[in-house]
Amino acid sequence: MKDYFADLHIHIGRTYTGKPVKITAAKNLTLTNILKAARFPKGLDIVGVIDCHSPEVIEEMTMLLNASELVELKEGGFRFQEDVTLIPGTEMELLDEKCSGPIHVLAYFPTLQSLTDFSAWLSKRVTNIQLSTQRVYESAVTVQETVRSLGGLFIPAHVFTPFKSLYGKGVKQSLTEVFAQDQIDAMELGLSSDTAMADQMNELHHYVFLSNSDAHSLPKMAREYQKVRLASPTFRSIQKMMHRLDGHHIVENYGLNPFLGKYYRTACAKCFTVKEGDTCSECGSKKFTKGVSERIAELAKGGTPPTRPPYIHQVPLDFLPGLGPKTKETLYHHFGSEMNILHRVTREDLQAVIKPQLSDLILQARKGGLELEAGGGGRYGKVAKR
């Protein structure tokens, strides 16, 4: 068994010919660029790349396979240039008659054939198969059953986000309103929640929690991720990890402190001021976006939570004040990857390259010692300046 860093929710912005996939994502966020950035500068071992259902992305995968840049693994998944494992997947939006609101879900597939078969099935149930996160005109349970029939994994995405998520708008109280419990493989928490918050809901105690970036640009990759212990970096090992089988498990979750998420507190939808009354104290608006912390408090039920891996409140380099692009490039040049910088490099080595106050910020981030200002209403929280 060996430990690997995995981020299993990364979007594709454009195909290799330049066609949009995730319209709101960066234009340079192509499949090949993701796989290269995973190795350097991010230092990830396994990436789950969403939007691989798009026909031109399947074409790009085929081209990489034919060029021996990508190799299909016997245990599922693909190895890129002998360094990074690709787990191909898709994000969908579900809204059947049982849903109270739209729900985003993730599905992952072990082989090119199973991915291609799902893309063909999906193409008959969405408006535009080329694009990401399309509304699927099918029942939620049928989608689950189809993913399972192809050997895939089914995971509700960013489950507490106020918009387009399982608990944000999708159900009133319980996932059983919409989904078959036994056909969910894991739960993705999202940027504004962590293990302690999610475990207030006893119906989630059965599931493994994933912390993924939901990256819409290359720099946002690995803002959340997990260290996983696997027999090998393959689809089957990831599947076993999600069900805690044969010693496969998550060693540690690394995620933003929920304060840094966009939706931690209920806040004004116009100016982001934290709610204190029925009217915004700054702009007078009466329109608020309910925070994840408040929504979980509404749903909280008793029960003893299971033993979970440590959830490390990670502060990515992008969030550290005063640490700009040139400094990051200097750090990457000296230390090889963001994983090295965030986890392994000593104080002395950092101070030999960057200013002491910046090295102190990185070290304080490791220990959870930074003062944070909570986000809400759609605006990220931030590290308080000193």
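Just so you know, these numbers use all the heavy atoms, side chains as well, and skip hydrogens, waters and symmetry mates.
Not less than 6.0 angstrom separates the ring centroid of His313 from the ring centroid of Tyr254. In this structure, the ring of Phe179 has its center less than 6.0 angstrom from the ring center of Phe154. With ring centers used as reference points, Phe109 lies 6.0 Å or more from His53.
Between the side chain of Ser285 and the main chain of Lys270, no donor-acceptor pair closer than 3.5 Å is present. Arg39 places no side-chain N or O within 3.5 Å of a backbone atom of Leu35 that could act as its donor or acceptor partner. Side-chain atoms of Asp194 come within 3.5 Å of backbone N or O of Met197 as a donor-acceptor pair. Judged by distance alone, the side chain of Arg223 and the main-chain N or O of Ser213 form a donor-acceptor pair under 3.5 Å. Between the Ser165 side chain and the Val159 main chain, a donor and an acceptor come within less than 3.5 Å of each other. Lys42 contributes no side-chain N or O that, together with a main-chain N or O of Glu338, makes up a donor-acceptor pair within less than 3.5 Å. Between the side chain of Glu252 and the backbone N or O of Pro309, no donor-acceptor pair lies under 3.5 Å. Judged by distance alone, with hydrogens and angles left aside, the side-chain atoms of His333 form no donor-acceptor pair with the main-chain N or O of Glu329 at under 3.5 Å. Between the side chain of Ser237 and the main chain of Ser232, a donor-acceptor pair closer than 3.5 Å is present. In terms of modelled atom types and a separation under 3.5 Å, the side chain of Thr146 and the main chain of Thr142 share a donor-acceptor contact.
One hydrophobic cluster, built from ILVMFWY side chains closer than 4.5 Å, holds both Leu166 and Leu94. Leu210 and Leu204 end up in different hydrophobic clusters when Ile, Leu, Val, Met, Phe, Trp and Tyr side chains are linked at under 4.5 Å. Residue Phe209 is grouped with residue Leu299 when hydrophobic side chains (ILVMFWY) are merged at heavy-atom distances under 4.5 angstrom, including chains of intermediate members. Taken together through direct or relayed side-chain contacts under 4.5 Å among Ile, Leu, Val, Met, Phe, Trp and Tyr, Leu112 and Val49 form part of one hydrophobic cluster.
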Quick one, Leu65 with Val71, criterion side-chain contact (heavy atoms from CB on, under 4.5 Å). Give me CA distance, side-chain angles, the key distance, then yes/no.
CA-CA 6 Å; Leu65 286 164; Val71 176; 5.5 Å; no

Given side-chain contact (heavy atoms from CB on, under 4.5 Å), test Thr161 with Tyr167 step by step and report yes or no.
CA-CA 8 Å; Thr161 303; Tyr167 295 110; over 6 Å; no

Quick one: do Val353 and Phe335 satisfy side-chain contact (heavy atoms from CB on, under 4.5 Å)? Show the steps, please.
CA-CA 10 Å; Val353 174; Phe335 304 120; 3.8 Å; yes

side-chain contact (heavy atoms from CB on, under 4.5 Å), that's the test. Do Leu218 and Leu29 meet it? Break it down for me.
CA-CA 6 Å; Leu218 295 173; Leu29 198 63; 3.4 Å; yes

Walk me through whether Lys220 and Asp214 qualify under salt bridge (Lys or Arg N to Asp or Glu O under 4.0 Å).
CA-CA 8 Å; Lys220 292 295 189 290; Asp214 193 1; over 6 Å; no

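The pair Asp185-Arg148 meets the salt-bridge criterion, with a side-chain N (NZ, NE, NH1 or NH2) lying under 4.0 Å from an Asp/Glu carboxylate O. Salt-bridge formation is detected for the pair Arg347/Asp360: a Lys NZ or Arg NE/NH1/NH2 atom is positioned less than 4.0 Å from an Asp or Glu carboxylate oxygen. A salt bridge is absent between Lys98 and Glu177: the closest approach of a Lys/Arg side-chain nitrogen to an acidic carboxylate oxygen does not fall below 4.0 angstrom. Ion pairing between a basic and an acidic side chain is recognised when a charged N comes within 4.0 Å of a carboxylate O; Asp51 and Lys22 show no such pairing. Salt-bridge check for Lys328 with Asp318: passed, with a basic side-chain N closer than 4.0 Å to an acidic carboxylate O. Ion pair Arg265/Glu294 flagged as a salt bridge, since at least one NZ, NE, NH1 or NH2 atom sits closer than 4.0 Å to an Asp/Glu carboxylate oxygen.
At a threshold of 4.5 Å between non-hydrogen side-chain atoms, the residues Leu175 and Glu203 count as touching. Residues Trp121 and Thr116 form no side-chain contact, since every pair of their non-hydrogen atoms from C-beta on lies 4.5 Å or further apart. Two residues are said to be in side-chain contact when any heavy atoms from C-beta on lie closer than 4.5 Å; Ile46 and Leu8 meet this criterion. No side-chain heavy atom of Leu358 sits less than 4.5 Å from a side-chain heavy atom of Leu320. When side chains are defined from C-beta on, Met61 counts as touching Phe78, because their heavy atoms get closer than 4.5 Å.
Closest of all the heavy-atom pairs between Phe272 and Ala267 is O-CB, 3.6 Å. Taking each heavy atom of His248 and Leu230 in turn, the nearest pair found is CD2-CA, 3.7 Å. The two atoms that bring Pro156 and Met187 nearest to each other are CG-SD, 3.9 Å, heavy atoms only. Summarising the geometry of Leu95 relative to Gly101, their closest heavy-atom pair is CD1-C, 3.4 Å, with the distance given to 0.1 Å. The shortest non-hydrogen separation linking Lys169 to Pro162 is CG-O, 3.0 Å. The nearest pair of heavy atoms linking Phe288 to Asp278 is CE1-O, 3.4 Å.
Aromatic ring orientation, His343 versus Tyr225: perpendicular (interplanar angle above 60°, classes split at 30° and 60°).
Asn212 and Gln226 share a side-chain donor-acceptor pair at under 3.5 Å. With hydrogens and angles left out, the side-chain atoms of Arg79 and Thr85 include a donor and acceptor closer than 3.5 Å. No donor-acceptor contact under 3.5 angstrom links the side chains of Glu188 and His158, judged on distance only. For the residue pair Glu75/Thr234, the side-chain donor-acceptor check at 3.5 Å is not satisfied. For the residue pair Glu59/Tyr16, the side-chain donor-acceptor check at 3.5 Å is satisfied. Remark: the Thr30 side chain and the Thr32 side chain contain no N/O donor-acceptor pair separated by less than 3.5 Å. Side-chain N/O atoms of Ser139 and Asp96 include no donor and acceptor closer than 3.5 Å. Of the N and O atoms on the side chains of Thr133 and Glu91, at least one donor lies less than 3.5 Å from an acceptor on the other residue. In this model, no donor atom of one side chain and acceptor atom of the other lie less than 3.5 Å apart for Gln134 and Glu93.
Summarising the local packing, CD of Glu82 is surrounded by 12 or fewer heavy atoms from other residues, nucleotides or ligands at distances under 6.0 Å.
Because its NZ or CZ atom is not both nearer than 6.0 Å to the ring centre of Phe160 and within 45° of the ring axis, Arg295 does not count as a cation-pi partner of that residue.
Going from atom CD1 of Ile34 over to atom CG of Leu86 covers 9.0 Å, rounded to the nearest 0.5 Å. Within the model, atoms CD of Glu56 and OG1 of Thr15 stand 4.0 Å from one another, a figure rounded to the nearest 0.5 Å. The distance from atom CG of Leu106 to atom OG1 of Thr90, rounded to the nearest 0.5 Å, is 8.5 Å.
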